[in-house]
Amino acid sequence: MVNIGNSWDTLLKEDFESESYRKLRAFLAQEYRTRRIYPDMYDIFNALKCTAYEDVRVVILGQDPYHGAGQAHGMCFSVKPDVPAPPSLVNIFKEIESELGITNASPYLVPWAEQGVLLLNTVLTVREGQPNSHKDKGWEILTDSIIRKLNARQEPIVFMLWGGNARSKKLLINAPQHLILECPHPSPLSAYAGFFGCGHFVKCNTFLQNKGFKPINWAT
């Protein structure tokens, strides 16, 4: 039984009791028994544990977890403090420095999550060395439901959609009080195609301040 420990438990109760999630659990039980899967099974829901529904101010939507040893810990783009920043995160930090003059040293993004930045992947598990290996196994049904529930919230939220996978979720976000920011993925393969220079971090904070909320401190 999933126990997140905050308001997500009530909001996602029906999702966690659904037939699709039962099938996903059975698939994951077999995967964790027979393969090396990331993140650790106790870290899968860390993004939700760290940022309760009512606290969300920003959603950064990733694809699936890092697939290298010791990297993924349940929050998109983040790794633990003693792990080198992966290339996509390096590029995110470059854009933050370009926009705000902030130089980030720690790749551990929990300080963002504690301010209301939900670091959500669309798929929450992956096989070692096999990106997208848990795509279309059931995670998208749950994470789409999370996005819909956030879209239904009256308080404004900034949705940062980076890359094709995240941008495909734009159709789930149609409430006029929210801000959608979209651009190519920060991966080295696409960062120069529009992620660099996107201005998302300044745009996000300007929007939040105009709505009467504190800006996000993007320093780690």
### Message
Checking one residue: Val126. Which other hydrophobic residues are in its cluster under the side-chain 4.5 Å linking rule?
### Response
Tyr38
### Query
Counting distance only, does the side-chain N/O of Ser98 pair as donor-acceptor with the main-chain N or O of Lys94 below 3.5 Å?
no
### Query
Taking it one step at a time, do Asn151 and Leu172 satisfy side chain to side chain contact (heavy atoms under 4.5 Å, CB included)?
CA-CA 7 Å; Asn151 177 63; Leu172 304 175; over 6 Å; no
### Message
Using 30° and 60° as the class boundaries, would you call the ring planes of Trp112 and Trp218 parallel, tilted or perpendicular?
### Response
perpendicular
### Query
Just how far is it from atom SG of Cys50 to atom CG of Leu119, taken to the nearest 0.5 Å?
8.0 Å
### Message
Taking the basic N atoms (NZ, or NE/NH1/NH2) and the acidic carboxylate oxygens, is any pair closer than 4.0 Å for Lys149 and Asp15?
### Response
yes
### Query
Got a second to check how far Asn174's CG is from Leu171's CG, nearest 0.5 Å?
9.0 Å
### Contact summary for Ala85 and Leu89, nearest pair of heavy atoms
CB-CD2, 4.1 Å
### Query
Is there a side chain to side chain contact (heavy atoms under 4.5 Å, CB included) between Lys49 and Trp8 once you walk through the steps?
CA-CA 8 Å; Lys49 289 177 180 179; Trp8 286 113; over 6 Å; no
### Message
Looking only at the side chains, is there a donor atom on one of Thr125 and Trp139 sitting less than 3.5 Å from an acceptor on the other?
### Response
yes
### Under 3.5 Å: donor-acceptor pair, side chain of Asn210, backbone of Thr206
yes
### Task
Compare every heavy atom of Pro86 with every heavy atom of Gln71, then report the nearest pair and how far apart it is.
NE2-CG, 3.8 Å
### Leu161 reachable from Val158 in the ILVMFWY side-chain graph, under 4.5 Å edges
no
### Message
I'd like to know whether Ile60 forms a side chain to side chain contact (heavy atoms under 4.5 Å, CB included) with Leu120, so could you lay out the CA-CA distance, the side-chain angles of the two residues, the decisive distance to 0.1 Å, and finally the verdict.
### Response
CA-CA 6 Å; Ile60 296 179; Leu120 182 69; over 6 Å; no
### Message
Centroid separation under 6.0 Å, is that true for the rings of His185 and Phe77?
### Response
yes
### Query
Among all residues two or more places apart in sequence or in another chain, which pass the salt bridge (Lys or Arg N to Asp or Glu O under 4.0 Å) test with Glu19?
Arg22
### Task
Say whether, by atom type as modelled, one donor and one acceptor occur between the side chain of Asn121 and the main chain of Gln63 under 3.5 angstrom.
yes
### Task
Could you state whether Ile173 and Leu150 fall into the same hydrophobic cluster, counting links through intermediate Ile, Leu, Val, Met, Phe, Trp or Tyr residues with side-chain heavy atoms under 4.5 angstrom apart?
yes
### Task
Would you please indicate if the ring centroids of Tyr32 and Phe27 are separated by under 6.0 Å?
no
### Message
Applying a strict under-4.5 Å side-chain criterion to I, L, V, M, F, W and Y, I'd like to know whether Trp162 and Met75 cluster together.
### Response
yes
### Message
Could you check whether any side-chain N or O of Thr51 sits under 3.5 Å from a backbone N or O of Leu48, counting only pairs where one atom can act as donor and the other as acceptor?
### Response
no
### Task
Would you please say whether a donor-acceptor pair under 3.5 Å links the side chains of Glu31 and His134?
yes
#### Entry: Derivation and outcome, side chain to side chain contact (heavy atoms under 4.5 Å, CB included), residues His200 and Leu181
CA-CA 7 Å; His200 281 190; Leu181 299 173; 3.5 Å; yes
### Task
Is it possible for you to say whether Ile44 and Leu109 belong to one hydrophobic cluster, with membership spreading through side-chain heavy-atom contacts below 4.5 Å?
no
### Carboxylate-amine/guanidinium proximity below 4.0 Å for Lys135 and Asp64
no
### Query
Within the distance-only criterion (no hydrogens, no angle test), does the side chain of Glu95 pair as donor or acceptor with the backbone N or O of Asn91 below 3.5 angstrom?
no
### Query
Out of curiosity, Tyr66 OH to Ser78 OG, how far, rounded to the nearest 0.5 Å?
7.5 Å
### Task
Over all heavy atoms of both residues, which pair between Thr34 and Gln30 is shortest? Give the atoms and the distance, please.
OG1-O, 2.8 Å
### Message
Keeping Glu99 on the side-chain end and Phe201 on the backbone end, is there a donor-acceptor pair under 3.5 Å?
### Response
yes
### Message
Quick check on the hydrophobic clustering: are Tyr53 and Leu208 connected, directly or via other members, by side-chain heavy-atom contacts under 4.5 Å?
### Response
no
### Query
What is the minimum heavy-atom distance between Arg35 and Gln130, and which atoms define it?
NH1-NE2, 4.3 Å
### Query
Under 3.5 Å, is there a donor-acceptor pair between the side chain of Asp43 and the main chain of Pro39?
no
### Glu182/Lys170 ion pair, N-O < 4.0 Å
yes
### Task
State whether the side chain of Asp40 and the backbone N or O of Tyr42 hold a donor-acceptor pair below 3.5 Å, judged by distance alone.
yes
### Donor on one side chain, acceptor on other, Thr122 and Glu140, under 3.5 Å
no
### Task
Mind listing the closest non-hydrogen atom pair of Asn46 and His73 along with its distance?
ND2-O, 2.8 Å
### Query
Any side-chain heavy atom of Ile147 sitting closer than 4.5 Å to one from Leu61?
yes
### Query
Under the 3.5 angstrom rule, does the side chain of Lys203 hit a backbone N or O of Cys198 as a donor-acceptor pair?
yes
### Query
Hey, is NZ on Lys137 packed in by over 12 heavy atoms from elsewhere, all under 6.0 Å?
no
### Message
Quick check against the 3.5 Å criterion: does Thr220 have a side-chain atom that pairs as donor or acceptor with the backbone of Pro107?
### Response
no
